[in-house]
Asks: 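What follows is a structure written as structure tokens; I'll ask about it next.
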Amino acid sequence: QVQLAESGGGSVQGGGSLRLSCAASGYTAWSRCMGWFRQTPGKEREGVAVIETAGGSTLYADSVKGRFTISQDNAKNTVYLQMNSLKPEDTAMYSCAAAISRSCNGVWWLKDVRYPYWGQGTQVTVSS
């Protein structure tokens, strides 16, 4: 079992930055894929970024490449999502998710169905 807790959401003007944090507890010794997802009402949840905790490899959705950076602090069992050059269309509820896996290669790791563990989410609102 893995428990996840997000923080760092808020309101920001377009062009601004926010950093989200996802603290993991429980069976954190296992190699994991840690993902950030976002969802707005009436839309499907979208995978934003994934990091492989064992090797550090990353994967991004095309919509955020070059603007968002996923990183980790293994000592703190925390994954971060640095969001720069934010746009109004980035407004969403952002959630982190975890899956026990040695490898996170492949775009299917941006699909929410691969993740059994989820945090409660944190709201990000970007104004124009």
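These values consider heavy atoms only, across backbone and side chains, with no hydrogens, waters or symmetry-generated copies. Numbers for residues simply follow the sequence, beginning at 1.
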Asks: Quick one: closest heavy-atom pair of Pro116 and Ala98, and the distance?
Replies: CD-O, 3.2 Å
Asks: Kindly indicate, with the supporting measurements, whether the criterion side-chain contact (heavy atoms from CB on, under 4.5 Å) is fulfilled by Tyr60 and Leu110.
Replies: CA-CA 8 Å; Tyr60 295 93; Leu110 287 172; over 6 Å; no
Asks: Going by the ring-ring contact (aromatic ring centres under 6.0 Å, His included) test, which pairs reach into residues 96-116, not counting sequence neighbours?
Replies: Phe37-Tyr115, Trp109-Tyr115
Asks: So, are Lys87 and Asp90 salt-bridged, with charged N and O less than 4.0 Å apart?
Replies: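 Result for this pair is no, no salt bridge flagged.
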Asks: Minimum heavy-atom separation for Gly9 to Val124, with atom names?
Replies: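 Heavy atoms only, the tightest pair is CA-CG2, 4.2 Å.
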Asks: Could you tell me which residues satisfy side chain to side chain contact (heavy atoms under 4.5 Å, CB included) with Gln1, sequence neighbours excluded, listed by chain and number?
Replies: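 Gln1 satisfies side chain to side chain contact (heavy atoms under 4.5 Å, CB included) with Gln3, Tyr117 once adjacent residues are dropped.
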Asks: What are the two closest heavy atoms between Leu18 and Gly10, and how far apart are they?
Replies: CD1-O, 3.9 Å
Asks: Run the side chain to side chain contact (heavy atoms under 4.5 Å, CB included) test against Asp73 and tell me which residues pass, sequence neighbours left out.
Replies: Ala75, Lys76, Tyr80
Asks: Whether the side chain of Glu6 engages the backbone of Gln120 through a donor-acceptor N/O pair (distance < 3.5 Å, no angle test) should be reported.
Replies: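 Such a contact is found between Glu6 side chain and Gln120 backbone.
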Asks: Which heavy atom of Leu81 sits nearest a heavy atom of Ala49, and at what distance?
Replies: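 Shortest heavy-atom separation between Leu81 and Ala49 comes out as CD1-CB, 4.1 Å.
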Asks: Would you name the heavy atoms of Val2 and Ala24 that are closest together and state the gap between them?
Replies: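 Closest approach of Val2 to Ala24: CG1-CB, 4.3 Å.
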Asks: If you measure from OG on Ser21 to CD on Gln72, what distance do you get to the nearest 0.5 Å?
Replies: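 CD of Gln72 is found 13.0 Å from OG of Ser21.
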Asks: Which value, rounded to the nearest 0.5 Å, describes the distance between Arg45 atom CZ and Thr40 atom OG1?
Replies: 12.0 Å
Asks: Run Met34 and Leu4 through side-chain contact (heavy atoms from CB on, under 4.5 Å) and show every step you take.
Replies: CA-CA 10 Å; Met34 297 291 296; Leu4 304 172; 3.8 Å; yes
Asks: Distance from Met83 atom CE to Arg19 atom CZ, nearest 0.5 Å?
Replies: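 Going from the CE atom of Met83 to the CZ atom of Arg19 covers 11.5 Å.
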Asks: So, does Arg67 use its side chain to make a donor-acceptor pair with the main chain of Ser85 at under 3.5 Å?
Replies: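 Yes; judged by distance alone, with no hydrogens or angles, the pair exists.
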Asks: Using side-chain hydrogen bond (donor to acceptor under 3.5 Å, both in side chains) as the criterion, list what pairs up with Tyr94, not counting sequence neighbours.
Replies: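 Arg38.
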Asks: Which residues pass the side chain to side chain contact (heavy atoms under 4.5 Å, CB included) test with Ser103, sequence neighbours left out?
Replies: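 Side chain to side chain contact (heavy atoms under 4.5 Å, CB included) check on Ser103 returns Glu52, Asn105.
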Asks: Roughly how far, to the nearest 0.5 Å, is CG of Leu20 from CZ of Phe68?
Replies: 8.0 Å
Asks: Just how far is it from atom CD1 of Ile70 to atom SG of Cys96, taken to the nearest 0.5 Å?
Replies: 9.0 Å
Asks: Roughly how far, to the nearest 0.5 Å, is the SG atom of Cys104 from the CD1 atom of Ile51?
Replies: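 Between Ile51 CD1 and Cys104 SG, I get 9.0 Å after rounding to 0.5 Å.
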Asks: Considering residues at least two apart in sequence or located in another chain, which fulfil the side chain to side chain contact (heavy atoms under 4.5 Å, CB included) criterion with Ser127?
Replies: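 By the side chain to side chain contact (heavy atoms under 4.5 Å, CB included) rule, Ser127 matches Gln13.
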Asks: Please check: side-chain N/O of Thr53 versus main-chain N/O of Arg32, any donor-acceptor pairing under 3.5 Å?
Replies: yes
Asks: Quick one: do the Ser63 and Glu89 side chains pair a donor with an acceptor below 3.5 Å?
Replies: no
Asks: Of the non-hydrogen atoms in Val50 and Cys33, which two are nearest, and what is the gap between them?
Replies: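 Scanning both residues, the minimum pair turns out to be CG1-CB, 4.4 Å.
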